[in-house]
Amino acid sequence: MGSRVLLVGSGAREHAIAWKLRQSPLVDDLFVAPGNGGTAQVAVNLPVQAKDVDGLCRVAAEHRVDFYLATMDDPQPLGLVDRLTAAGVLCFGPTAAAARLESSKAFAKDFMARHGIPTADYRTFADHAAAAMYVDSLPDGPLVVKASGLAAGKGAIVCNNRRESLDALDLIMRRRDFGSAGDEVVVEERLGGWETSVHAFCDGRTYRMMPFATDYKRAQDGDVGLNTGGMGAYSPSARVDDGLAAEVEARVVAPTLLGMAAEGAPYGGTLYPGVMVTPAGIRVLEYNARWGDPETQVIIPRLAGDLFAVCRAAAEGRLAEAHFGWSPRAAVAVVVASGGYPATYKLGHLIEGVEDLDSDVLVFHAGTKQEAHGLVTNGGRVLTVVALADTLAEARLRAYDNVRRIRFTDATYRKDIAAG
Ligand code: AMP
Ligand code: GLY
């Protein structure tokens with residue numbers, strides 16, 4: 001008898017993972033809470049929100065779920081993995097204690113300092129006056145000010161000078177724009193370099209690397225405009241050679257797993273450190289205790305193997321035994337968004353053209369909803385279009401050739417994903 005699997009989330013990331021799980025003969029039933037118009041095509045959507053851990057535990061029991069695969073950040077710090085595990089559900093995802101790597105930047109920074117993991121120099125503060133005094137004591141220059149808690153990817157404010165840093169402290173600690181995520185603040189050295197997204201399957205003791213990916217966080221071409229959840233991605237990352245990959249494993253991923261285990265909070269699930277390659281070497285910008293979006297949409301299609309089997313092996317603590325590989329093909333993902341995103345935008349526009357895409361091009365839904373009259377927009381990031389090809393250049397051409405066939409009012413996308 002196959003498994004009954006639960007995912008939580010409603011992004012293109014969850015659709016990509018649901019799509020891949022559907023190909024596993026080991027999966028009988030798949031549930032996504034709350035899901036979207038795309039997950040509805042491959043799974044059963046359940047109307048429970050990601051932070052409603054009581055509700056998630058209730059529907060897991062109701063539907064006799066026996067496996068939970070964590071993809072997004074919200075439920076783990078609230079103890080979903082701990083509670084489901086206690087209820088006999090096998091889980092691939094971090095406990096609340098392990099998820100602190102993402103849910104508390106102050107914890108993550110102190111953890112890295114304890115274990116010699118390279119990161120930007122920093123100080124943490126729970127008090128606004130002390131933080132402001134510290135900023136005032138530094139030479140006037142660039143800094144990064146971060147709300148310590150989960151802030152939907154928006155809690156890091158990159159500042160050019162003292163004035164901007166003080167404003168950032170004000171916004172986080174006094175105006176409390178990120179709510180209790182701003183109870184503590186991290187003030188850190190601003191680094192220069194280029195970023196890569198690192199993903200690894202983890203089982204508490206062992207890790208297995210996924211391919212490196214590059215994402216595009218800013219809203220507009222040329223990396224300008226507001227920070228978004230991510231406007232596109234590609235994999236493999238052309239700039240990550242074997243030497244750099246080995247260094248990231250040895251100096252970041254391996255010591256993170258060892259350190260968490262040594263501290264009594266072994267990390268299980270997907271670990272996604274964001275790494276900056278600076279002139280002085282690699283630095284961890286942050287840990288994410290989840291899969292990246294849209295990185296997942298370019299990583300998952302390259303997985304040669306059964307995703308469920310890999311995650312189950314990890315959940316059972318025998319990741320080393322899992323058999324899988326990675327396709328050498330390149331993947332390019334372009335996010336089609338609602339005009340105005342990440343600020344204000346309208347919902348409910350009819351989406352046309354999804355049926356006209358090439359049969360081997362993948363389209364993963366995020367903000368979509370199936371209505372009687374057709375598929376309509378229901379969020380900022382609407383769809384991710386993913387093309388694979390032998391070269392990155394060809395994958396890019398194919399992705400854009402297909403993106404242009406998708407039509408809805410005010411549709412927008414970046415034109416420079418994977419452009420070098
Ligand atoms: P975080 O949420 O900590 O990953 O920060 C979000 C984004 O802010 C990162 O992807 C970087 O582009 C930028 N960032 C974060 N920390 C730093 C830093 N110390 N120096 C320069 N840029 C940073
Ligand atoms: N793509 C950035 C993130 O998932 O945080």
Side-chain angles (χ1 to χ4, degrees), residues 9 11-14 16-17 70-74 101-109 112 118-124 138 141-160 164-165 168 172 178 181-182 184-199 210 212-219 223-235 237 252 270-300 333-335 337 342 364 366 380-381 384 414 417:
R13 165 184 52 200
E14 281 72 30
I17 288 176
T71 56
M72 58 107 66
D73 46 354
D74 280 339
L101 279 180
E102 178 170 12
S103 64
S104 168
K105 287 189 195 286
F107 170 82
K109 294 294 288 193
M112 287 188 270
T119 189
D121 288 340
Y122 74 102
R123 294 273 303 267
T124 57
L138 297 174
L143 282 174
V144 183
V145 178
K146 300 179 174 182
S148 178
L150 287 180
K154 298 189 182 112
I157 305 181
V158 179
C159 306
N160 293 307
E164 288 181 19
S165 303
I172 294 172
F178 306 114
E184 263 188 301
V185 79
V186 176
V187 178
E188 69 178 39
E189 165 199 18
R190 179 164 156 196
L191 302 167
W194 52 276
E195 292 178 44
T196 182
S197 299
V198 180
H199 285 70
M210 301 190 208
F212 288 72
T214 300
D215 79 333
Y216 292 73
K217 291 194 171 75
R218 299 298 186 113
D223 279 332
V224 296
L226 295 172
N227 254 326
T228 71
M231 294 300 288
Y234 66 88
S235 175
S237 282
V252 177
T270 290
L271 179 70
Y272 153 25
V275 168
M276 188 173 268
V277 182
T278 80
I282 57 173
R283 300 283 184 274
V284 176
L285 293 178
E286 62 165 348
Y287 287 108
N288 298 295
R290 57 179 173 83
W291 301 69
D293 186 340
E295 289 93 329
T296 299
Q297 294 92 297
V298 289
I299 292 173
I300 284 292
V334 178
V335 171
F364 298 122
R381 293 191 290 178
T384 308
R414 270 183 68 160
I417 306 301

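Both counts, for ligands and for their atoms, begin at 1 and track the order of listing. The figures here come from the full heavy-atom set of this structure, side chains too, leaving out hydrogens, waters and symmetry mates.
Of all the heavy atoms of Val144, the ones lying under 4.0 Å from any atom of ligand 1 belong exclusively to the side chain. Neither the backbone nor the side chain of Glu286 has a heavy atom within less than 4.0 Å of ligand 2. With a heavy-atom cut-off of 4.0 Å, Arg283 does not touch ligand 1 at all.
The ligand atoms of ligand 1 that sit less than 4.0 angstrom from a heavy atom of Lys105 are 1 (P), 2 (O), 3 (O). Near Arg190, with a cut-off below 4.0 Å to any heavy atom, the atoms of ligand 1 are 20 (N), 21 (C). Ligand 1 places these atoms under 4.0 Å from at least one heavy atom of Glu195: 9 (C), 10 (O), 11 (C), 12 (O). Which parts of ligand 2 touch Gly292 is read off a 4.0 Å heavy-atom cut-off, strictly below it: atoms 4 (O). Counting the atoms of ligand 1 from 1 in the order shown, those under 4.0 Å from a heavy atom of Glu188 are 16 (N), 17 (C), 18 (C), 19 (N).
By the 4.0 Å N-to-carboxylate-O rule, Asp121 lies too far from Arg283 to be salt-bridged with it. Salt bridge annotation for Glu286-Lys146: absent, with no cationic side-chain nitrogen under 4.0 angstrom from a carboxylate oxygen.
Looking at ligand 1, you'll find an N or O of Lys217 within less than 3.5 Å of one of its N or O atoms. Residue contacts with ligand 2: Trp291 is placed with no nitrogen or oxygen under 3.5 Å of a nitrogen or oxygen of the ligand (distance criterion only). Polar contact check, Asn288 against ligand 2: no nitrogen or oxygen pair lies under 3.5 Å apart. Geometrically, ligand 1 and Leu191 share a nitrogen or oxygen pair separated by less than 3.5 Å. Where the criterion is an N or O separation shorter than 3.5 Å, residue side chain and backbone included, Arg290 meets it with respect to ligand 2.
There is no protein heavy atom closer than 4.0 angstrom to atom 7 (C) of ligand 1.
Side chains of Lys217 and Met231 form no contact here, defined as non-hydrogen atoms less than 4.5 Å apart.
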